[in-house]
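All values below come from the heavy atoms of this structure, side chains included, with hydrogens, waters and symmetry mates left out.
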Amino acid sequence: MATVRMIDIAVNFTDSMFKGVYNGKQCHLPDIAAVLTRAWSAGVDRIIVTGGSLEESREALAIAETDARLFCTVGVHPTRCNEFDESGDPEKHFQALLSLAKVGVEKGKVVAIGECGLDYDRTHFCSPEIQKKYFERQFELAHLMKLPMFLHMRAAAGDFCEILDQNKHRFYGGVAHSFTGTPEDRDKLLAFNNLFIGINGCSLKTPENLDALKGIPLERMMIETDSPYCEIKNTHAGKNFIKSTWPSKKKEKYDQDCLVKGRNEPCLIRQVLEVVGGCKGVADINQLSTTLYHNTCRVFFPHDLDSAANALLSGGQDSK
C-alpha cells in the first residue's frame with residue numbers, strides 16, 4: 001500500500017485510549033507500537049504528537065523521543081488555558097513551557113507551538129477572555145522559539161483572525177487544524193498567506209463541509225487524523241471516496257493486528273487523502289500526497305526542503 005508519503009500532523013498519543021483505557025476501564029495493553037507499525041505500512045513517514053497542556057506536552061516529547069519519525073508540539077489548548085492561572089504563577093507556567101520547548105528543539109523533536117487558539121463551542125471549560133489572553137501569550141512563545149504554530153479554531157473565526165492579524169509580526173506560519181468552518185471562515189484563514197488549513201474526518205462530515213473543502217487550494221492544505229478522535233464514519237458525506245480499509249474489532253475483543261472499532265489512528269490518514277482527492281477531483285493520489293507532504297515540510301520540516309534543494313543543485317552541478 002505504501003506508494004504514497006504522508007505526514008500526520010495531529011495525533012493525540014497522550015490520550016488514554018492508546019494506553020488501552022476507555023472511559024476509565026482498562027480494555028487492553030498500551031499499543032502505540034502496533035499502531036505505528038500500521039501507520040508506517042500505510043505510507044505515513046512522520047507523525048506530530050499533539051501537546052495540549054504543559055504536562056501533556058512533556059508526555060508528547062517523551063513519546064516523540066521513542067522513534068526517529070515522531071515529533072511533537074508544546075503548548076496549551078484553548079479549553080485548558082485556566083491552567084496558567086490555576087498554577088498560581090502564570091509567568092512561571094509560561095517559562096516552564098518555554099524551557100520545555102527549548103529542550104525539545106535541542107533534541108530535534110519540537111516542531112511547533114500549540115495546540116493553541118480559540119474554542120467558543122466549549123467555553124464551559126474556559127471563558128473566551130482567558131482563552132484570548134493565553135492564545136495571544138503563546139505567540140510570544142512561538143516568536144521566542146522562532147517556531148510555527150499548531151492552531152485550533154472552533155466557532156471563533158472573528159476573534160481568532162483578529163488576534164492572528166495583531167500578532168502577524170510574531171507569526172512564523174502554521175496550520176489551523178481540524179477545520180470545520182464555513183466558506184467565509186475558510187476565506188478569512190486563507191487571507192493569511194503563511195497559514196495552512198488542516199483537514200481530518202471532522203472536516204468531511206457534511207455536504208457543507210465538502211463544499212468548504214473544495215475552496216481550499218491544495219497548496220494551502222495539510223492532512224491529519226487527530227486520532228483517536230475524528231475518524232471518518234459511515235454517515236460522513238465523504239465516505240464514498242474511501243478505497244482503503246482495515247479490519248477492526250471491538251475494544252473488548254482486542255487484536256493487535258486490527259484497528260479498535262471507534263478509535264481513529266494514523267494509518268487512516270490514507271482515507272483522508274482519498275476523500276480530499278475525490279472531493280477535489282484529483283485522480284493522481286500520489287501527486288496529491290506529494291503536494292500535501294511538501295506543504296507540511298515547508299512549515300514544520302523546512303530543513304528537509306533545504307536538503308532536497310541542495311541535492312538537486314549539487315546534482316545539477318555534477319551533471320555539467
Enquirer: Determine, stepwise, if the pair D226 / V11 fulfils side chain to side chain contact (heavy atoms under 4.5 Å, CB included).
Expert: CA-CA 5 Å; D226 206 21; V11 177; over 6 Å; no
Enquirer: Counting distance only, does the side-chain N/O of K109 pair as donor-acceptor with the main-chain N or O of L70 below 3.5 Å?
Expert: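 Yes, the answer is positive, given that a donor and an acceptor are paired below the 3.5 Å cut-off.
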Enquirer: Within a radius of less than 6.0 Å around CG of N23, do more than 12 heavy atoms belonging to other residues, nucleotides or ligands occur?
Expert: no
Enquirer: Angle between ring planes, Y172 versus H143, binned at 30° and 60°: parallel, tilted or perpendicular?
Expert: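 It falls in the parallel class, under 30°.
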Enquirer: With a 3.5 Å distance limit and no angle check, can you tell me whether R186 reaches the backbone of A212 through a side-chain donor-acceptor pair?
Expert: yes
Enquirer: I need the single residue from D304, D8, T296 that forms a side-chain hydrogen bond (donor to acceptor under 3.5 Å, both in side chains) with R46. Which is it?
Expert: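 Running side-chain hydrogen bond (donor to acceptor under 3.5 Å, both in side chains) over D304, D8, T296 with R46 returns exactly one hit, D304.
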Enquirer: Would a single hydrophobic cluster contain both F241 and I285, if residues Ile, Leu, Val, Met, Phe, Trp and Tyr are joined by side-chain heavy-atom contacts under 4.5 Å?
Expert: yes
Enquirer: Is the shortest side-chain heavy-atom distance between T290 and Q287 below 4.5 Å?
Expert: yes
Enquirer: Treat each ILVMFWY residue as a node, draw an edge where side-chain heavy atoms are under 4.5 Å apart, and state whether I47 and V260 are in one component.
Expert: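 Different clusters.
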Enquirer: I'd like to know if L141 and I130 are part of one continuous hydrophobic network [Ile/Leu/Val/Met/Phe/Trp/Tyr, side-chain heavy atoms within less than 4.5 Å].
Expert: yes
Enquirer: Are the charged groups of R270 and E274 less than 4.0 angstrom apart, N to O?
Expert: yes
Enquirer: Does the N209 side chain pair with the main chain of T206, one donor and one acceptor, at a distance under 3.5 Å?
Expert: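 Such a contact is found between N209 side chain and T206 backbone.
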Enquirer: Measure the CG-CZ distance between L151 and F196 for me, rounded to the nearest 0.5 Å.
Expert: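 These two atoms lie 12.5 Å from each other.
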Enquirer: Mind checking the CD-CG spacing from E136 to D159? Nearest 0.5 Å is all I need.
Expert: 11.0 Å
Enquirer: Going through the checks in order, is the side chain to side chain contact (heavy atoms under 4.5 Å, CB included) test met by R220 and I197?
Expert: CA-CA 6 Å; R220 299 288 299 280; I197 296 178; 5.9 Å; no
Enquirer: If you look at every heavy atom in L189 and C161, which pair is closest and at what distance?
Expert: CD2-SG, 4.1 Å
Enquirer: Could you tell me whether a side-chain N or O of E115 sits under 3.5 Å from a main-chain N or O of G75, the two making a donor and an acceptor?
Expert: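 No; zero donor-acceptor contacts below 3.5 Å.
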Enquirer: About how many Å separate CD of Q271 and CD1 of I223, when rounded to the nearest 0.5 Å?
Expert: 11.5 Å
Enquirer: Walk me through whether F135 and F160 qualify under ring-ring contact (aromatic ring centres under 6.0 Å, His included).
Expert: CA-CA 9 Å; F135 177 28; F160 179 96; 5.3 Å; yes
Enquirer: Treat each ILVMFWY residue as a node, draw an edge where side-chain heavy atoms are under 4.5 Å apart, and state whether I163 and Y120 are in one component.
Expert: yes
Enquirer: Is a side-chain N or O of T123 found less than 3.5 angstrom from the main chain of C126, in a donor-acceptor match?
Expert: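 A pair under 3.5 Å: no.
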Enquirer: Would you find a donor on one side and an acceptor on the other, under 3.5 Å apart, between the side chain of E83 and the backbone of L54?
Expert: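 Between the backbone of L54 and the side chain of E83 there is a qualifying donor-acceptor contact (under 3.5 Å).
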Enquirer: Looking at W246, is R38 sitting on its ring face, NZ or CZ under 6.0 Å from the six-membered ring centre and within 45 degrees of the normal?
Expert: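 Relative to the ring axis of W246, which defines the angle, R38 lies outside at least one limit.
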Enquirer: State, with a plain yes or no, whether a side-chain heavy atom of Q138 is found less than 4.5 Å away from one of V76.
Expert: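 Q138 reaches V76 side chain to side chain.
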Enquirer: For residues L190 and F192: do they belong to one hydrophobic cluster (side chain heavy atoms under 4.5 Å, members Ile, Leu, Val, Met, Phe, Trp, Tyr)?
Expert: yes
Enquirer: Hey, does M17 have a side-chain heavy atom less than 4.5 Å from the side chain of Y229?
Expert: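 Side-chain contact under 4.5 Å: yes.
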Enquirer: Please work out which of the three classes, parallel, tilted or perpendicular, describes the rings of F71 and F301, given edges at 30° and 60°.
Expert: perpendicular
Enquirer: Sequence neighbours left out, what passes salt bridge (Lys or Arg N to Asp or Glu O under 4.0 Å) with D255? Give chain and number order.
Expert: K249
Enquirer: Using a cut-off of 6.0 Å, state whether more than 12 heavy atoms not belonging to K205 lie near its atom NZ.
Expert: no
Enquirer: Is the side chain of D89 donor-acceptor paired with the backbone N or O of K92 at a distance under 3.5 Å, no angle test?
Expert: yes
Enquirer: Between F94 and R137, is there a cation-pi geometry (under 6.0 Å to ring centre, at most 45° from the normal)?
Expert: yes
Enquirer: Report yes if some heavy atom in the side chain of Y22 is under 4.5 Å from a heavy atom in the side chain of S16; otherwise report no.
Expert: no
Enquirer: Does the ring-ring contact (aromatic ring centres under 6.0 Å, His included) test come out yes or no for F300 and F150, once each step is laid out?
Expert: CA-CA 10 Å; F300 298 119; F150 180 78; 7.0 Å; no
Enquirer: Do C297 and I7 touch side chain to side chain, with heavy atoms closer than 4.5 Å?
Expert: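 When only atoms from C-beta onward are counted, I7 and C297 do touch, with a gap below 4.5 Å.
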Enquirer: If you define the side chain from C-beta out and look only at heavy atoms, does anything of F13 sit under 4.5 Å from E59?
Expert: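 No. Closest side-chain heavy atoms not under 4.5 Å.
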Enquirer: Mind checking whether F84 and Y134 have parallel, tilted or perpendicular rings, split at 30° and 60°?
Expert: parallel
Enquirer: For K250, enumerate each residue passing the side chain to side chain donor-acceptor pair (under 3.5 Å) test, keeping only those at least two apart in sequence or located in another chain.
Expert: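 Partners of K250 by the side chain to side chain donor-acceptor pair (under 3.5 Å) criterion come out as none, since no residue qualifies.
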Enquirer: With the side chain counted from C-beta on, respond yes when D45 and Y293 share a heavy-atom pair under 4.5 Å apart, and no when they do not.
Expert: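 Contact flag for D45/Y293 side chains = yes.
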Enquirer: If I take atom CG from residue D67 and atom CD1 from residue I63, how far apart are they, to the nearest 0.5 angstrom?
Expert: 12.0 Å
Enquirer: Residues two or more places apart in sequence or in another chain: which of them pass salt bridge (Lys or Arg N to Asp or Glu O under 4.0 Å) with R154?
Expert: none
Enquirer: Under 3.5 Å, is there a donor-acceptor pair between the side chain of N295 and the main chain of M221?
Expert: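 It does hold such a pair.
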Enquirer: Please check if any side-chain donor atom of S53 sits under 3.5 Å from a side-chain acceptor atom of E55, or the reverse.
Expert: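 Short answer, no.
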Enquirer: Taking only Lys NZ, Arg NE, NH1 and NH2, and the carboxylate oxygens of Asp or Glu, determine whether E231 and R263 approach each other closer than 4.0 Å.
Expert: no
Enquirer: Do N12 and P228 have side chains that approach each other closer than 4.5 Å (heavy atoms only, starting at C-beta)?
Expert: yes
Enquirer: Nearest 0.5 Å, please: how far is NE2 in H236 from OG in S203?
Expert: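 Spacing of OG (S203) from NE2 (H236) equals 10.0 Å.
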Enquirer: Please check: side-chain N/O of K280 versus main-chain N/O of K214, any donor-acceptor pairing under 3.5 Å?
Expert: yes
Enquirer: So, D165 side chain and E162 main chain: donor-acceptor pair closer than 3.5 Å or not?
Expert: no
Enquirer: Regarding N200 and S178, is there a side-chain donor-to-acceptor distance under 3.5 Å anywhere?
Expert: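 Result is yes, a qualifying pair exists.
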Enquirer: Can you tell me how far the CD1 atom of I199 sits from the CD atom of E224, to the nearest 0.5 Å?
Expert: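 If we round to the nearest 0.5 Å, I199:CD1 and E224:CD are 7.5 Å apart.
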